[in-house]
Amino acid sequence: MTKELRQIKNEQFIIFLITIACFGLTIESILLDWEFWVPPLVIIGTVFLWIAHISGKPGHTIRIHYYFVYAILTVFFHGVHETSFFDAAIVMATVIIAFSFLNSVYMLHIFFFEYIAIMIIQTYLAIKHDSTPIDSLNISRIILHVVFLFMIYMSCVKAIRDRIEDEETDKEKDSKIEAYEADMEDFLSNISHELRTPVNVVNGMSDLMIKRDAGEEAYSIKDAGVRLAYQIEDIQDYTECKRKKVLLEEEDYMSVSLINDVVMNFRLVDDDKNLELVVD
């Protein structure tokens, strides 16, 4: 999976979770008679989330920060109500897990400190309005929720850092492999150029030997030289393909030169039957 495709899938996953959370927040806000003007804003904001994702505008980084700010505001709105005293930890844990897929540690830091701020506000409201008794049971529950969320927060941070470290390790491996392949391509290119000259000399000398009727050994040398020349050309083509330097050109080609080369090769063959080769 490519990096861009992985980013799109993570973005879809986050928007999906935010949509579900906002849907539940809207229902809870209506049932508990919270601020009447907030649910329409939540619905409009969620619609804009999907519009931005589907259209791909603005850029990916700006969209992610838009989701981040939107999640901060909605979570804070939910958390500061007295009825959300113990629900805030569950909502914040879901948000932290969702945004951990973006590999942004600072976002998790902000979410965690936001939860601490929400719990301070909730504790203050509970003491002031006496809505939730601050007894030993509720204090232990608060501590348990804070510890629970802290464990999720630290686990997500560690997972992000491990993924980043693995990506850096993979990049180093890829760079080493690319460097090795580049060295191998340079070696093949150099060795093919170095071999071309002696092979051409061998082919030229074998042609002279054939013209002087040196015997079957000259034909064997010629055939071996031709095969080796083809192998060298294959090596050069391979290195050019690996370097992406192969260019396709459409030009007028004189087929006469190719036909003459073929004819010359056949005319050099020793013919005991004195056959005549005619090219029309």
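All figures in this text were calculated on a predicted structure; none of them were measured in a lab.
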Working to the nearest 0.5 Å, report the span between [atom1] of [X] and [atom2] of [Y].
| X | Y | atom1 | atom2 | answer |
| --- | --- | --- | --- | --- |
| Ile43 | Phe48 | CD1 | CZ | 13.5 Å |
| Phe99 | Ile72 | CZ | CD1 | 8.0 Å |
| Cys22 | Leu41 | SG | CG | 11.5 Å |
| Met119 | Ile143 | CE | CD1 | 10.5 Å |
| His78 | Ser29 | NE2 | OG | 10.0 Å |
| His65 | Ile62 | NE2 | CD1 | 9.5 Å |

Does [X] share a hydrophobic cluster with [Y], counting links as ILVMFWY side-chain heavy atoms below 4.5 Å and allowing steps through other members?
| X | Y | result |
| --- | --- | --- |
| Ile90 | Val95 | no |
| Phe36 | Phe77 | yes |
| Val47 | Ile44 | no |
| Leu144 | Met151 | no |
| Leu31 | Val42 | no |

Which heavy-atom pair separates [X] from [Y] by the least distance, and what is that distance?
| X | Y | result |
| --- | --- | --- |
| Arg163 | Phe101 | NH2-CA, 4.0 Å |
| Val105 | Val157 | CG1-CG1, 4.0 Å |
| Thr74 | Leu25 | O-CD2, 4.0 Å |
| Thr19 | Trp50 | OG1-NE1, 2.9 Å |
| Gln122 | Val80 | NE2-C, 3.8 Å |
| Ile118 | Gly79 | CG2-O, 3.4 Å |

Legend entry - side-chain contact (heavy atoms from CB on, under 4.5 Å) assessment of Ile152 paired with Met92: CA-CA 10 Å; Ile152 292 178; Met92 188 60 72; over 6 Å; no

Does some side-chain heavy atom of [Y] sit less than 4.5 Å from a side-chain heavy atom of [X]?
| X | Y | value |
| --- | --- | --- |
| Ser100 | Leu108 | yes |
| Val146 | Tyr115 | yes |
| Cys156 | Ile97 | yes |
| Ile96 | Leu149 | yes |
| Tyr153 | His109 | yes |

Inset, instruction - Could you tell me whether Phe111 and Phe68 have their ring centroids closer than 6.0 angstrom? - result: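 Yes, they do, as the ring centres are separated by less than 6.0 Å.
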
Legend entry - With Thr94 via side-chain contact (heavy atoms from CB on, under 4.5 Å) - residues at least two apart: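 Once residues adjacent in sequence are excluded, Thr94 has no partner under the side-chain contact (heavy atoms from CB on, under 4.5 Å) criterion.
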
Inset, instruction - Go through the structure and list residues passing side-chain contact (heavy atoms from CB on, under 4.5 Å) with Phe23, not counting sequence neighbours. - result: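 side-chain contact (heavy atoms from CB on, under 4.5 Å) list for Phe23, sorted by chain: Ile27.
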
Legend entry - Partner set under salt bridge (Lys or Arg N to Asp or Glu O under 4.0 Å) for Asp170, not counting sequence neighbours: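 Asp170: no salt bridge (Lys or Arg N to Asp or Glu O under 4.0 Å) contacts found.
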
Inset, instruction - Could you label the plane-to-plane angle of the Tyr66 and Tyr70 rings as parallel, tilted or perpendicular, counting under 30° as parallel and over 60° as perpendicular? - result: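 Aromatic pair Tyr66/Tyr70 classed tilted.
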
Legend entry - side-chain contact (heavy atoms from CB on, under 4.5 Å) assessment of Ile64 paired with Met107: CA-CA 11 Å; Ile64 292 302; Met107 292 184 179; 3.6 Å; yes

